[in-house]
Amino acid sequence: MKVKLVKSKSEDRWYSNTKENLFGKTFKVHFSELASKDLQRSVYEILTGKHKGKLIDVRDTQIVVKLK
């Protein structure tokens, strides 16, 4: 699945503090069941690129699903 960052409620997030603003970027991700249980909400993990392993919280993103 791919997700695209479109907004943030906090400037303390890693994707709003990086030199290259990541809003509007698309990431290949998978649902992270362990992180979701720990944080008690749906969380996705980035699979590729320099941010591999970082988590995306669906509260701060709009999920864009590529069906094909």
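We're numbering straight along the sequence, starting at 1.
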Separation between NZ (Lys37) and OG (Ser42), nearest 0.5 Å, reads 12.5 Å
Closest non-hydrogen atoms of Val43 and Ser36, given as atom of the first, atom of the second and distance, are N-OG, 2.8 Å
Donor-acceptor check, side chain of Ser32 to backbone of Tyr44, threshold 3.5 angstrom: yes or no? no
To the nearest 0.5 Å, tell me how far Asp38 CG sits from Glu33 CD. 11.0 Å
Result block: side-chain N/O donor-acceptor pairs under 3.5 angstrom for residues 18-30, not counting sequence neighbours:
residue	atom	partner	partner atom	Å
Thr18	OG1	Glu20	O	2.6
Glu20	OE2	Lys25	NZ	3.0
Asn21	OD1	Phe23	N	2.9

Output, in order, the C-alpha distance, side-chain angles, deciding distance and verdict of side-chain contact (heavy atoms from CB on, under 4.5 Å) for His51 and Trp14. CA-CA 10 Å; His51 298 293; Trp14 62 269; 3.3 Å; yes
According to a hydrophobic-cluster definition based on side-chain heavy atoms being under 4.5 Å apart (Ile, Leu, Val, Met, Phe, Trp, Tyr only), do Phe31 and Val3 belong together? yes
Approximate separation, where rounding is to 0.5 Å, of Leu47 CG and Glu45 CD: 6.5 Å
